[in-house]
Structures are given as C-alpha cells and as structure tokens.
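Presented below is the structure to which this report refers.
Nothing here was measured: the structure is a model prediction, and the numbers come from that model. When a residue number appears, it is its place in the shown sequence, counting from 1.
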Amino acid sequence: MAKEKKGVRLEHISKIYQDPKTKKDFYAVHDTSLEIAPGSFVTLLGPSGCGKTTTLRMIAGFESPDEGEIYLGGEPINALTPNKRDTAMVFQSYALLPHYNIFDNVAYGLKLRKMEKDVIRKKVLDILALVGLEGMEARMTNQLSGGQQQRVALARALVLEPGVLLFDEPLSNLDAKLRVSMRTEIRRIQQEAEITAIYVTHDQSEAMALSDQIIIMEKGVVAQIGTPQEVYYHPGSEFVADFIGEANFLRGTLASADTADIGGHRVAVNAPGHSVGEACTLVLRPEAAVLKDQGQLPCKVILSCFMGSYQNYHVMVGDTLVKITDFNPKNRKIYQAGDTAWVDFASEDVHVL
C-alpha cells in the first residue's frame, strides 16, 4: 500500500504555550527525542495534558515545535506545511463531508491531486475493500453507523498512500464493544498496508492491543518506551505501573540480593541494580498474587467478590491495601471478608522499583 515505509525521528522537540491565567510560559512537550521504526505501530499513551496530542500535531504540521527538529524518512519537515508532508491524519471527529457519498469522501484528496478518473476509481474501490466497505460506495455518510464512518475516515487517509498514518483518539466516540472490534480492524489494516502508524490514546487497553511499542508520556516528557510486555511487567516508575493496568505497591527495604523486608517479613525478589539496605517499592500485579493459608505476607480480607471468571479480593497487608484477582477459582478455597490469610507470589512476578 504505502509507497515507501518511512520512520519518524524527533530530536529534542519542545512546544511552549502560555498559561491564559498566569500569563507564564510552560512546556506542553519538553526536550522529547523519539525514534519510530518504519512499518511499526507506535502509541503515544498518557493522561490528559501529558503532551501526546501536541506531539502528534507537531508531526502532522498543525503545530510547530519551538525547539528541535522532526524528520520523516530522514527528511527534516519542520518547515513543511501539513499538505506537503507525507502523512495523513485520522481524526476523533471523523471530519467527513456530509453531502458526499462514501466514494466521493474517499476520492476527495485524489481529486485535489488531479488524478485520472479511472485511476481514482480503482484506488478508491481497492481501499474500500481493504476497510470492509466493498459495495457501499454510493451510500451517504449520514446513513452510516459510527463504526462505518470511522472506516470511511480511515479509507480516506489510506487512499493517499502516506508514508505515515496518524491517529488522534479515533475510537473515543464509539461504544465499548465497537471500540474493541474497530481497534482489531485498525491493526489488521495497518499490517496489511505495511504502513507506519502513530496513534494517540489515553486508553491503556487500546494501546496494549494495538502497539508494537508504547510511548508513555507524563507532564510533557517521555516516561518510558517499550513493548506492551516491557511496560507492563517492567515499569520504570510508579506512574507507569499505575497507568498501565492495576498495580499494588509494597514499600520496604532491600534486605539482601534476593530478599526484601516488607513490614518485618522477608519476601523473595529479583533486584539486579539495587543495593542492599536501600528503600524499595515492589510492584505486584493483582493477577500475580494468590491467597493461601501460608505464604509470603500475612493479611486480612476486607472484600471477597465472585466475578465469574475470577474471585476479586481486597486485603490489608499492614496499612497497605492489596488487590488480588484470582482467576478460575472454582476448585480453590474461597476466603471471606474478615478472614486472615497470606498473600503469596513468586519472586519473578514482582518488579522492584
């Protein structure tokens, strides 16, 4: 599909805005450097105001960086207007032309490029087949469901054969079930088209399902870059651990090379790069822990709730609330609120910060 697989490189990019209340300048994005490989699907993930959308808009050309340089396929593009960049954007609002049918919406950009009619027709029909709208080209956009409108917006971007496809929270207007099916479709289409994709979302499950790499942003800077598995199992900070999935934080001291002292109890850990005696925080995912009659840390059960595929527990380990998701509990002992028990986990299932 794409003429050429192009990567994106950001070198020390910053964007400065003025706070309308205080009139003081602040960094929306600060000294950010990124390398996005050609043909990869990369997600910019983070809470509102972290700088992810500003970063995407700078790549697209809708915002200009105040510092640094952006490269697309090795070419510096800071000075290029959006229409001169080899990118296409899929917006949150779809931005479809309401008085045009599907065919004319998708063909719009090609007509602006003054292509031959038969070339336009072949390209549009090919791309509609790719996004699952074959045979619907005469349908008006106001007759379409939200998911179908999103496919039209995707087809309109893809038909231009951009080097890089940009997504600005494209699924946020869809209901939960449709979001799941559409994200699967977006990933399939991106892989079939072999196109570089940069996707902005605040939805961590979306980022996990779609991405080759996730770039987690916090307050205008990159907090961590890694595969979904890397950022989930080996978060670089409490912010990342808490933003990607659920996490319990157990605070203590590293007692030896392979044990930590948590409230007077020794637990087994893997802590390369940490020094004995230093304060540490253990990241324990809810699904990595179980309740037993004997284990690593004593606790008191304060919530026990059967959820079908799992038993949901809230327990107190000293003054710390720990959440446990015990999958397939059918033949296990079920602890009730008020019971005392032990939290048990394997050393390889906790991550030391």
> Does the side-chain contact (heavy atoms from CB on, under 4.5 Å) test come out yes or no for D86 and L72, once each step is laid out?
Replying inline: CA-CA 8 Å; D86 193 10; L72 180 62; 3.9 Å; yes
Can you confirm whether more than 12 heavy atoms, excluding those of [X], are under 6.0 Å from its [atom1] atom?
X: K111; atom1: NZ; answer: yes
X: R187; atom1: CZ; answer: yes
X: D319; atom1: CG; answer: no
X: E278; atom1: CD; answer: yes
X: E35; atom1: CD; answer: yes
X: Y233; atom1: OH; answer: no

Please confirm whether the backbone N or O of [Y] pairs with a side-chain atom of [X], one donor and one acceptor, at under 3.5 Å?
X: K15; Y: S64; result: yes
X: E194; Y: G39; result: no
X: D212; Y: S40; result: no

Quick one about [Y] and [X] (side-chain donor to acceptor, distance below 3.5 Å, no hydrogens or angles considered), yes or no?
X: T201; Y: E206; answer: yes
X: S256; Y: D258; answer: yes
X: Y313; Y: Q336; answer: no
X: Q148; Y: R151; answer: no
X: S304; Y: Q311; answer: yes

When you group the ILVMFWY residues by side-chain heavy-atom contacts below 4.5 Å and let the links chain together, are [Y] and [X] in the same group?
X: M136; Y: L96; result: yes
X: L303; Y: I334; result: no
X: L297; Y: V352; result: yes
X: V222; Y: L166; result: yes
X: I186; Y: M208; result: no

>> Please determine whether salt bridge (charged side-chain N to carboxylate O under 4.0 Å, His left out) holds for the pair D126 and K122, giving the CA-CA distance in whole Å, both sets of side-chain angles, and the decisive distance to 0.1 Å.
In response: CA-CA 6 Å; D126 284 350; K122 183 178 187 316; 2.8 Å; yes
[X]/[Y] ion pair, N-O < 4.0 Å:
X: D344; Y: K292; value: yes
X: D175; Y: R179; value: no
X: R9; Y: E11; value: yes
X: E116; Y: K123; value: no

[atom1]-[atom2] distance between [X] and [Y], expressed to the nearest 0.5 angstrom:
X: L254; Y: D261; atom1: CG; atom2: CG; result: 10.0 Å
X: T227; Y: H234; atom1: OG1; atom2: NE2; result: 8.5 Å
X: S181; Y: L171; atom1: OG; atom2: CG; result: 9.0 Å
X: F41; Y: I198; atom1: CZ; atom2: CD1; result: 10.0 Å
X: L44; Y: I214; atom1: CG; atom2: CD1; result: 10.5 Å
X: E67; Y: S14; atom1: CD; atom2: OG; result: 4.0 Å

>> Quick test of your reading: applying ring pair (Phe, Tyr, Trp, His ring centres under 6.0 Å), list the pairs with at least one residue in residues 128-169, sequence neighbours left out, ordered by first then second residue.
In response: F167-Y199
> Taking the six-membered ring of Y232, is the NZ or CZ of R285 close enough (under 6.0 Å from the centre) and on axis enough (within 45°)?
Replying inline: yes
Specify the closest pair of heavy atoms between [X] and [Y], including all atoms of both residues, with the distance to one decimal.
X: P65; Y: N78; answer: CG-ND2, 3.5 Å
X: N101; Y: A138; answer: CB-O, 3.5 Å
X: L165; Y: A157; answer: CD1-CB, 3.5 Å
X: V276; Y: A257; answer: CG2-N, 4.0 Å
X: L128; Y: I102; answer: CD2-CG2, 3.7 Å
X: T55; Y: M217; answer: OG1-CE, 3.7 Å

Side chains of [X] and [Y], heavy atoms from C-beta outward: is any pair under 4.5 Å?
X: V283; Y: L353; value: yes
X: R139; Y: L144; value: yes
X: P20; Y: Q18; value: no
X: V315; Y: I302; value: no
X: F345; Y: V350; value: yes
X: D168; Y: M89; value: yes
X: I189; Y: L158; value: yes
X: T54; Y: M58; value: yes

> What class does the angle between the rings of F62 and F91 fall in, given that below 30° is parallel, 30 to 60° is tilted and above 60° is perpendicular?
Replying inline: tilted
> In terms of the angle between their ring planes, are F243 and F239 parallel, tilted or perpendicular, with boundaries placed at 30° and 60°?
Replying inline: parallel
> Looking at V322, T340, L291, which hits side-chain contact (heavy atoms from CB on, under 4.5 Å) with C299?
Replying inline: L291
>> D326 vs Y335, test: side-chain hydrogen bond (donor to acceptor under 3.5 Å, both in side chains). Steps then yes/no.
In response: CA-CA 11 Å; D326 189 359; Y335 294 86; over 6 Å; no
> side-chain contact (heavy atoms from CB on, under 4.5 Å) between N312 and H314: does it pass, once the steps are laid out?
Replying inline: CA-CA 7 Å; N312 184 29; H314 288 189; 4.2 Å; yes
> Do M316 and T320 pass the side-chain contact (heavy atoms from CB on, under 4.5 Å) test, and can you show the C-alpha distance, the side-chain angles, and the key distance before you say yes or no?
Replying inline: CA-CA 6 Å; M316 295 302 296; T320 303; 5.8 Å; no
> Would E75 and K6 satisfy salt bridge (charged side-chain N to carboxylate O under 4.0 Å, His left out), going step by step from the backbone distance to the final call?
Replying inline: CA-CA 10 Å; E75 176 193 4; K6 289 187 177 180; 5.2 Å; no
>> F327 vs E287, test: side-chain contact (heavy atoms from CB on, under 4.5 Å). Steps then yes/no.
In response: CA-CA 7 Å; F327 285 102; E287 73 276 8; 3.7 Å; yes
>> Is there a side-chain hydrogen bond (donor to acceptor under 3.5 Å, both in side chains) between H265 and Q296? Walk through the geometry before answering.
In response: CA-CA 8 Å; H265 296 271; Q296 303 252 34; over 6 Å; no
